[in-house]
Participant: 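Have a look at this one before I ask anything.
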Amino acid sequence: MAMNYPQYIWHNGSVRPWQDAQVHVMSHALHYGSSVFEGIRVYETDKGPAGFRLTDHIQRMFDSARIYYMPMPYAEDELIRACHEIVTVNGLQSAYLRPIAFRGIGGLGVAASPDMPTEVSIAAIEWGAYLGEEAREKGVDVCVSSWNRIAPNTIPSSAKAGGNYLSSQLISMEAKRRGFAEGIGLSIDGTLSEGAGENLFIVKDGKLYTPPQAASILAGITRDSVIKIARSLDYEIIEMEMPREILYLADEAFLTGTAAEITPIRSVDEIEVRSAGRGPVTRHIQEAFFGLFDGSSKDRWGWLEPIDNKPAKAKGRTHAVAV
Ligand code: PMP
(Lines give C-alpha, C1' and ligand atoms only; values in the text may rest on other atoms or scores of the structure.)
Protein backbone atom coordinates (compact mmCIF):
# COMPACT_ATOMS: atom_id res chain seq x y z
CA MET A 1 0.00 0.00 0.00
CA ALA A 2 1.45 3.38 -0.98
CA MET A 3 2.02 5.64 1.98
CA ASN A 4 2.17 9.37 2.27
CA TYR A 5 5.11 9.95 4.52
CA PRO A 6 4.63 12.65 7.11
CA GLN A 7 7.11 15.40 7.84
CA TYR A 8 8.20 14.27 11.29
CA ILE A 9 8.88 11.14 13.28
CA TRP A 10 9.62 10.70 16.99
CA HIS A 11 12.93 8.91 17.39
CA ASN A 12 14.90 8.19 20.56
CA GLY A 13 13.41 10.96 22.60
CA SER A 14 12.76 13.78 20.16
CA VAL A 15 10.77 14.81 17.13
CA ARG A 16 12.94 14.72 14.01
CA PRO A 17 12.50 15.14 10.26
CA TRP A 18 11.17 11.85 8.83
CA GLN A 19 14.36 11.09 6.89
CA ASP A 20 16.61 11.61 9.91
CA ALA A 21 15.41 8.57 11.87
CA GLN A 22 18.30 6.29 10.94
CA VAL A 23 19.26 2.88 12.29
CA HIS A 24 22.57 1.06 11.96
CA VAL A 25 22.48 -2.06 9.77
CA MET A 26 24.15 -4.04 12.53
CA SER A 27 21.26 -3.42 14.92
CA HIS A 28 20.33 -6.60 16.78
CA ALA A 29 16.65 -6.28 15.82
CA LEU A 30 17.40 -6.36 12.11
CA HIS A 31 19.25 -9.67 12.45
CA TYR A 32 17.24 -11.44 15.13
CA GLY A 33 13.73 -9.96 15.07
CA SER A 34 14.11 -8.37 18.52
CA SER A 35 11.60 -5.57 18.32
CA VAL A 36 8.24 -5.01 19.98
CA PHE A 37 5.70 -2.73 18.44
CA GLU A 38 2.12 -1.54 18.26
CA GLY A 39 -0.37 -0.35 15.69
CA ILE A 40 -2.75 2.29 17.04
CA ARG A 41 -5.44 4.24 15.25
CA VAL A 42 -6.18 7.87 15.80
CA TYR A 43 -9.69 8.68 14.60
CA GLU A 44 -11.03 12.04 13.55
CA THR A 45 -13.94 12.91 15.82
CA ASP A 46 -16.05 16.05 16.12
CA LYS A 47 -13.95 16.95 19.18
CA GLY A 48 -10.68 16.57 17.26
CA PRO A 49 -8.37 13.58 16.80
CA ALA A 50 -8.63 10.82 19.40
CA GLY A 51 -6.38 7.81 19.98
CA PHE A 52 -8.36 4.58 20.26
CA ARG A 53 -7.25 2.78 23.45
CA LEU A 54 -3.85 4.41 23.12
CA THR A 55 -2.92 3.69 26.74
CA ASP A 56 -3.90 0.02 26.40
CA HIS A 57 -1.72 -0.32 23.31
CA ILE A 58 1.30 1.25 24.99
CA GLN A 59 0.78 -1.03 27.99
CA ARG A 60 0.72 -4.04 25.66
CA MET A 61 4.00 -2.84 24.14
CA PHE A 62 5.56 -2.75 27.60
CA ASP A 63 4.18 -6.22 28.30
CA SER A 64 5.77 -7.45 25.05
CA ALA A 65 9.10 -5.91 26.13
CA ARG A 66 8.78 -7.54 29.54
CA ILE A 67 8.41 -11.01 28.02
CA TYR A 68 11.67 -10.46 26.13
CA TYR A 69 13.62 -8.86 29.01
CA MET A 70 13.92 -5.74 26.89
CA PRO A 71 14.74 -2.65 28.95
CA MET A 72 12.51 0.29 28.06
CA PRO A 73 14.37 3.60 28.27
CA TYR A 74 11.14 5.60 28.61
CA ALA A 75 8.15 5.30 30.89
CA GLU A 76 4.69 4.46 29.57
CA ASP A 77 3.40 7.98 30.07
CA GLU A 78 6.39 9.44 28.20
CA LEU A 79 5.60 7.30 25.17
CA ILE A 80 1.91 8.12 25.38
CA ARG A 81 2.81 11.79 25.39
CA ALA A 82 5.16 11.23 22.46
CA CYS A 83 2.26 9.65 20.54
CA HIS A 84 0.21 12.78 21.15
CA GLU A 85 3.10 14.96 20.10
CA ILE A 86 3.85 13.20 16.81
CA VAL A 87 0.21 13.41 15.71
CA THR A 88 0.09 17.09 16.61
CA VAL A 89 3.37 18.18 14.98
CA ASN A 90 2.37 16.46 11.76
CA GLY A 91 -0.99 18.26 11.83
CA LEU A 92 -2.90 14.99 11.46
CA GLN A 93 -6.61 14.62 12.17
CA SER A 94 -6.50 10.86 11.83
CA ALA A 95 -3.52 8.53 11.76
CA TYR A 96 -2.08 5.08 12.20
CA LEU A 97 0.57 5.18 14.91
CA ARG A 98 3.46 2.76 14.86
CA PRO A 99 5.52 2.84 18.05
CA ILE A 100 8.42 0.39 17.98
CA ALA A 101 11.10 -0.46 20.52
CA PHE A 102 14.03 -2.52 19.32
CA ARG A 103 17.44 -3.71 20.32
CA GLY A 104 20.09 -1.54 18.72
CA ILE A 105 23.76 -2.08 18.04
CA GLY A 106 25.89 -3.92 20.60
CA GLY A 107 27.42 -7.10 19.24
CA LEU A 108 26.41 -10.07 17.12
CA GLY A 109 25.49 -12.42 19.94
CA VAL A 110 21.96 -13.76 19.75
CA ALA A 111 21.57 -13.27 23.50
CA ALA A 112 21.14 -9.56 24.03
CA SER A 113 23.73 -8.13 26.37
CA PRO A 114 22.48 -6.00 29.26
CA ASP A 115 24.22 -2.92 27.87
CA MET A 116 22.62 -3.25 24.46
CA PRO A 117 20.57 -0.10 23.88
CA THR A 118 16.83 -0.19 23.24
CA GLU A 119 15.88 2.33 20.60
CA VAL A 120 12.34 3.67 20.36
CA SER A 121 10.55 5.33 17.44
CA ILE A 122 6.99 6.44 16.86
CA ALA A 123 5.67 7.09 13.36
CA ALA A 124 2.26 8.60 12.63
CA ILE A 125 1.04 8.03 9.11
CA GLU A 126 -2.18 8.57 7.23
CA TRP A 127 -3.71 5.21 6.44
CA GLY A 128 -7.14 4.14 5.26
CA ALA A 129 -8.91 0.79 5.53
CA TYR A 130 -6.29 -2.01 5.56
CA LEU A 131 -8.31 -4.52 3.57
CA GLY A 132 -9.97 -1.86 1.41
CA GLU A 133 -12.97 0.46 1.95
CA GLU A 134 -15.31 -1.85 0.04
CA ALA A 135 -14.40 -4.76 2.30
CA ARG A 136 -16.20 -3.22 5.29
CA GLU A 137 -19.49 -4.01 3.61
CA LYS A 138 -18.85 -6.69 1.03
CA GLY A 139 -16.33 -8.67 3.03
CA VAL A 140 -13.14 -10.40 1.94
CA ASP A 141 -12.29 -13.82 0.56
CA VAL A 142 -9.89 -15.72 2.79
CA CYS A 143 -8.24 -19.13 2.87
CA VAL A 144 -6.90 -21.38 5.57
CA SER A 145 -3.13 -21.27 5.30
CA SER A 146 -0.88 -24.27 4.79
CA TRP A 147 1.32 -22.65 7.46
CA ASN A 148 0.44 -23.20 11.11
CA ARG A 149 0.67 -20.40 13.64
CA ILE A 150 3.58 -20.23 16.06
CA ALA A 151 3.18 -22.67 18.97
CA PRO A 152 2.86 -21.50 22.60
CA ASN A 153 6.11 -23.15 23.65
CA THR A 154 8.14 -21.77 20.74
CA ILE A 155 7.46 -18.06 20.35
CA PRO A 156 4.95 -16.36 22.67
CA SER A 157 2.06 -15.09 20.58
CA SER A 158 0.97 -12.65 23.31
CA ALA A 159 4.08 -10.57 22.68
CA LYS A 160 3.67 -8.37 19.64
CA ALA A 161 7.27 -8.84 18.55
CA GLY A 162 8.83 -8.26 15.13
CA GLY A 163 9.98 -11.87 14.83
CA ASN A 164 6.39 -13.17 15.05
CA TYR A 165 5.64 -11.48 11.77
CA LEU A 166 7.76 -13.91 9.77
CA SER A 167 4.93 -16.37 10.44
CA SER A 168 2.36 -13.74 9.50
CA GLN A 169 4.26 -12.90 6.31
CA LEU A 170 4.21 -16.52 5.14
CA ILE A 171 0.48 -16.81 5.89
CA SER A 172 -0.44 -13.52 4.25
CA MET A 173 1.82 -13.82 1.22
CA GLU A 174 0.63 -17.36 0.50
CA ALA A 175 -2.97 -16.14 0.66
CA LYS A 176 -2.30 -13.24 -1.70
CA ARG A 177 -0.41 -15.44 -4.17
CA ARG A 178 -3.47 -17.68 -4.26
CA GLY A 179 -5.76 -14.70 -4.88
CA PHE A 180 -7.20 -14.30 -1.37
CA ALA A 181 -7.23 -11.13 0.70
CA GLU A 182 -5.95 -12.83 3.84
CA GLY A 183 -4.93 -16.19 5.28
CA ILE A 184 -6.17 -17.79 8.50
CA GLY A 185 -3.61 -19.76 10.48
CA LEU A 186 -4.44 -22.89 12.44
CA SER A 187 -2.80 -23.47 15.80
CA ILE A 188 -0.22 -26.23 16.11
CA ASP A 189 -2.95 -28.70 17.03
CA GLY A 190 -5.10 -27.78 14.09
CA THR A 191 -7.74 -25.59 15.72
CA LEU A 192 -8.64 -22.14 14.41
CA SER A 193 -6.21 -19.46 15.55
CA GLU A 194 -6.28 -16.11 13.76
CA GLY A 195 -5.52 -14.21 10.57
CA ALA A 196 -2.01 -13.05 9.72
CA GLY A 197 -2.75 -9.73 11.40
CA GLU A 198 -6.29 -10.06 12.70
CA ASN A 199 -8.36 -11.98 15.22
CA LEU A 200 -11.22 -14.14 14.07
CA PHE A 201 -14.91 -14.21 15.03
CA ILE A 202 -17.68 -16.54 13.90
CA VAL A 203 -21.41 -15.99 14.29
CA LYS A 204 -23.63 -19.04 14.61
CA ASP A 205 -27.27 -19.05 15.71
CA GLY A 206 -26.96 -15.50 17.02
CA LYS A 207 -23.95 -16.25 19.25
CA LEU A 208 -20.36 -15.12 18.75
CA TYR A 209 -17.44 -17.51 18.91
CA THR A 210 -13.74 -16.66 18.95
CA PRO A 211 -10.58 -18.73 19.52
CA PRO A 212 -9.10 -18.41 23.04
CA GLN A 213 -5.67 -17.07 23.93
CA ALA A 214 -4.35 -20.63 24.19
CA ALA A 215 -4.90 -21.04 20.43
CA SER A 216 -1.74 -18.98 19.74
CA ILE A 217 -3.49 -15.69 19.13
CA LEU A 218 -2.43 -12.16 19.89
CA ALA A 219 -4.97 -10.92 22.43
CA GLY A 220 -6.15 -8.13 20.16
CA ILE A 221 -7.40 -4.87 21.56
CA THR A 222 -10.04 -4.73 18.83
CA ARG A 223 -11.02 -8.30 19.78
CA ASP A 224 -11.46 -7.16 23.36
CA SER A 225 -13.44 -4.12 22.19
CA VAL A 226 -15.72 -6.30 20.07
CA ILE A 227 -16.30 -8.68 22.98
CA LYS A 228 -17.26 -5.77 25.24
CA ILE A 229 -19.44 -4.11 22.62
CA ALA A 230 -21.17 -7.40 21.77
CA ARG A 231 -21.88 -8.12 25.44
CA SER A 232 -23.32 -4.63 25.84
CA LEU A 233 -25.65 -5.48 22.95
CA ASP A 234 -26.65 -8.70 24.76
CA TYR A 235 -24.88 -11.15 22.48
CA GLU A 236 -23.41 -14.23 24.05
CA ILE A 237 -19.66 -14.60 23.40
CA ILE A 238 -17.96 -17.95 23.61
CA GLU A 239 -14.18 -18.22 23.61
CA MET A 240 -13.32 -21.77 22.62
CA GLU A 241 -11.11 -23.95 20.51
CA MET A 242 -12.80 -24.74 17.22
CA PRO A 243 -12.12 -27.04 14.32
CA ARG A 244 -11.54 -25.54 10.89
CA GLU A 245 -14.86 -26.68 9.44
CA ILE A 246 -16.78 -24.39 11.81
CA LEU A 247 -15.73 -21.66 9.38
CA TYR A 248 -17.51 -23.40 6.53
CA LEU A 249 -20.71 -23.68 8.56
CA ALA A 250 -20.76 -20.16 9.99
CA ASP A 251 -23.72 -17.85 9.54
CA GLU A 252 -21.29 -14.92 9.57
CA ALA A 253 -17.59 -14.48 10.15
CA PHE A 254 -15.36 -11.45 10.52
CA LEU A 255 -11.82 -10.33 11.23
CA THR A 256 -10.82 -7.72 13.80
CA GLY A 257 -7.68 -5.66 14.23
CA THR A 258 -6.45 -2.11 14.51
CA ALA A 259 -5.65 -2.06 10.80
CA ALA A 260 -8.53 -4.28 9.63
CA GLU A 261 -11.04 -2.78 12.14
CA ILE A 262 -14.08 -5.05 11.70
CA THR A 263 -13.99 -6.69 8.29
CA PRO A 264 -16.59 -9.29 7.29
CA ILE A 265 -15.44 -12.53 5.68
CA ARG A 266 -17.28 -13.30 2.45
CA SER A 267 -15.84 -16.75 1.77
CA VAL A 268 -13.37 -19.24 3.21
CA ASP A 269 -11.51 -21.64 0.92
CA GLU A 270 -13.97 -20.68 -1.82
CA ILE A 271 -16.97 -21.72 0.29
CA GLU A 272 -19.28 -18.76 0.66
CA VAL A 273 -20.07 -17.82 4.25
CA ARG A 274 -23.86 -18.09 4.66
CA SER A 275 -24.27 -14.32 4.96
CA ALA A 276 -22.21 -13.90 1.73
CA GLY A 277 -20.77 -10.60 2.93
CA ARG A 278 -21.69 -8.56 5.97
CA GLY A 279 -24.41 -10.24 7.98
CA PRO A 280 -26.80 -8.59 10.48
CA VAL A 281 -24.80 -9.34 13.65
CA THR A 282 -21.53 -8.12 12.10
CA ARG A 283 -23.31 -5.02 10.93
CA HIS A 284 -24.79 -4.37 14.36
CA ILE A 285 -21.35 -4.60 16.00
CA GLN A 286 -19.67 -2.56 13.25
CA GLU A 287 -22.24 0.20 13.71
CA ALA A 288 -21.64 0.32 17.46
CA PHE A 289 -17.86 0.34 16.87
CA PHE A 290 -17.66 2.98 14.16
CA GLY A 291 -20.35 4.94 15.99
CA LEU A 292 -17.77 5.63 18.70
CA PHE A 293 -15.92 7.86 16.26
CA ASP A 294 -18.83 9.76 14.71
CA GLY A 295 -20.50 10.14 18.10
CA SER A 296 -23.53 7.98 17.29
CA SER A 297 -22.60 5.45 19.99
CA LYS A 298 -21.57 6.34 23.50
CA ASP A 299 -17.96 5.74 24.59
CA ARG A 300 -18.97 4.12 27.87
CA TRP A 301 -15.55 2.53 28.34
CA GLY A 302 -13.44 5.69 27.94
CA TRP A 303 -11.64 4.26 24.91
CA LEU A 304 -11.26 7.56 23.08
CA GLU A 305 -8.21 9.48 24.27
CA PRO A 306 -8.28 13.01 22.83
CA ILE A 307 -4.99 14.06 21.28
CA ASP A 308 -4.12 17.20 23.15
CA ASN A 309 -0.44 17.16 24.08
CA LYS A 310 -1.35 17.31 27.76
CA PRO A 311 0.20 14.86 30.23
CA ALA A 312 -1.01 11.36 29.50
CA LYS A 313 -3.32 9.36 31.73
CA ALA A 314 -0.63 6.93 32.82
CA LYS A 315 -1.92 4.09 34.91
CA GLY A 316 0.90 4.06 37.38
CA ARG A 317 3.22 1.66 35.60
CA THR A 318 6.59 2.75 34.32
CA HIS A 319 9.42 0.60 33.03
CA ALA A 320 8.84 -3.03 32.02
CA VAL A 321 12.39 -3.91 33.01
CA ALA A 322 14.65 -1.60 34.97
CA VAL A 323 17.37 0.06 32.92
N1 PMP B 1 -3.34 -10.84 15.62
C2 PMP B 1 -2.19 -10.43 15.03
C3 PMP B 1 -1.19 -11.44 14.66
C4 PMP B 1 -1.99 -9.06 14.79
O5 PMP B 1 -0.87 -8.65 14.19
C6 PMP B 1 -2.98 -8.13 15.14
C7 PMP B 1 -2.77 -6.67 14.87
N8 PMP B 1 -2.11 -6.03 15.94
C9 PMP B 1 -4.14 -8.61 15.76
C10 PMP B 1 -4.29 -9.96 15.99
C11 PMP B 1 -5.21 -7.67 16.21
O12 PMP B 1 -4.78 -6.95 17.33
P13 PMP B 1 -5.33 -5.48 17.66
O14 PMP B 1 -6.79 -5.54 17.62
O15 PMP B 1 -4.79 -5.20 19.01
O16 PMP B 1 -4.76 -4.58 16.61
Side-chain angles (χ1 to χ4, degrees), residues 1 27-40 57 60-70 96 98-103 110-112 127 130-131 140-202 210-224 239-247 253-261 263 265 268-269:
M1 185 182 291
S27 296
H28 193 267
L30 191 56
H31 298 247
Y32 303 126
S34 44
S35 64
V36 297
F37 68 99
E38 279 301 321
I40 308 165
H57 277 282
R60 184 171 68 183
M61 184 160 130
F62 275 70
D63 286 348
S64 300
R66 185 181 179 86
I67 291 170
Y68 282 103
Y69 304 83
M70 188 185 288
Y96 180 84
R98 169 54 58 84
I100 182 164
F102 56 97
R103 296 200 196 268
V110 170
W127 208 16
Y130 178 58
L131 297 170
V140 290
D141 300 309
V142 305
C143 62
V144 172
S145 180
S146 69
W147 291 100
N148 280 96
R149 292 272 306 149
I150 49 183
N153 57 351
T154 58
I155 291 179
S157 65
S158 302
K160 192 170 166 62
N164 296 20
Y165 286 82
L166 288 172
S167 156
S168 291
Q169 282 178 50
L170 288 172
I171 292 172
S172 201
M173 291 191 304
E174 180 191 69
K176 291 196 162 87
R177 270 200 315 275
R178 291 171 54 199
F180 297 99
E182 188 55 296
I184 309 276
L186 302 180
S187 70
I188 198 73
D189 45 37
T191 65
L192 292 176
S193 175
E194 62 178 353
E198 308 86 9
N199 292 114
L200 176 65
F201 283 84
I202 286 151
T210 193
Q213 212 168 343
S216 292
I217 64 164
L218 176 73
I221 288 170
T222 320
R223 174 184 183 273
D224 179 69
E239 291 181 62
M240 65 175 214
E241 288 183 315
M242 290 175 276
R244 165 180 185 163
E245 67 271 21
I246 292 267
L247 272 176
F254 59 90
L255 297 169
T256 66
T258 298
E261 297 169 308
T263 300
I265 296 176
V268 185
D269 294 337

Participant: I'd like to know if the side chain of Glu182 pairs up with that of Ser172 as donor and acceptor (distance under 3.5 Å, no hydrogens or angles considered).
Facilitator: yes
Participant: Of all residues at least two apart in sequence or in a different chain, which pass the side-chain hydrogen bond (donor to acceptor under 3.5 Å, both in side chains) check with Gln169?
Facilitator: none
Participant: Can you see which heavy atom on Val140 is nearest to which on Ala181, and at what distance?
Facilitator: CB-CB, 3.7 Å
Participant: Compare every heavy atom of Phe102 with every heavy atom of Ser35, then report the nearest pair and how far apart it is.
Facilitator: CB-CB, 3.6 Å
Participant: Looking at Ser193 and Leu186, what are the two nearest heavy atoms and their distance?
Facilitator: CB-C, 4.0 Å
Participant: Can you find a pair of side-chain heavy atoms, one from Tyr165 and one from Lys160, that are under 4.5 Å apart?
Facilitator: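 Result yes, sub-4.5 Å side-chain heavy-atom pair found.
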Participant: What distance do Met70 atom CE and Ser34 atom OG have between them, rounded to the nearest 0.5 Å?
Facilitator: 5.5 Å
Participant: In Å and rounded to the nearest 0.5 Å, what is the CG to CD1 distance from Leu166 to Ile155?
Facilitator: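 With rounding to 0.5 Å, CG (Leu166) is 8.0 Å from CD1 (Ile155).
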Participant: Evaluate the ring planes of Phe254 and Phe201, with Trp represented by its six-membered ring, and classify them as parallel (under 30°), tilted (30 to 60°) or perpendicular (over 60°).
Facilitator: parallel
Participant: Is it the case that Ser187 and Thr191 place a side-chain donor and acceptor less than 3.5 Å from each other?
Facilitator: yes
Participant: What residues form a side-chain contact (heavy atoms from CB on, under 4.5 Å) with Ser157, not counting sequence neighbours?
Facilitator: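 Scan of Ser157 (side-chain contact (heavy atoms from CB on, under 4.5 Å), adjacent residues dropped) gives Arg149, Ile150, Ser216.
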Participant: Can you give me the closest heavy-atom contact between Ala159 and Tyr68, atom names plus distance?
Facilitator: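 Nearest heavy atoms, Ala159 then Tyr68: CB-CE1, 3.7 Å.
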Participant: Can you confirm whether Ile184 sits close enough to Leu255 that some side-chain heavy atom of one is under 4.5 Å from a side-chain heavy atom of the other?
Facilitator: yes
Participant: Please enumerate all residues that pass salt bridge (Lys or Arg N to Asp or Glu O under 4.0 Å) together with Asp189, with sequence neighbours excluded.
Facilitator: none
Participant: So among Leu200, Val142, Asp269, which one has a side-chain contact (heavy atoms from CB on, under 4.5 Å) with Leu247?
Facilitator: Leu200
Participant: Tell me, do Ile217 and Asn199 make a side-chain contact under 4.5 Å, heavy atoms counted?
Facilitator: yes
Participant: Determine the minimum heavy-atom distance between Ala215 and Leu192, stating which atoms define it.
Facilitator: CB-O, 3.7 Å
Participant: State, to 0.1 Å, how close Ala196 and Ser168 come at their nearest heavy-atom pair, and which atoms those are.
Facilitator: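 Nearest pair, atom of Ala196 first, then Ser168: O-OG, 2.6 Å.
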Participant: Check for a donor-acceptor pair, side chain of Arg178 on one end and backbone N or O of Gly183 on the other, with a separation under 3.5 Å.
Facilitator: no
Participant: Any donor and acceptor pair, going by atom type alone, linking the side chain of Ser27 with main-chain N or O of Ala29 inside 3.5 Å?
Facilitator: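 Answer holds: no.
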Participant: Please name the residue in the list Glu194, Glu239, Glu198 that meets the salt bridge (Lys or Arg N to Asp or Glu O under 4.0 Å) test with Arg223.
Facilitator: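 Looking at Glu194, Glu239, Glu198, the match for Arg223 under the salt bridge (Lys or Arg N to Asp or Glu O under 4.0 Å) is Glu239.
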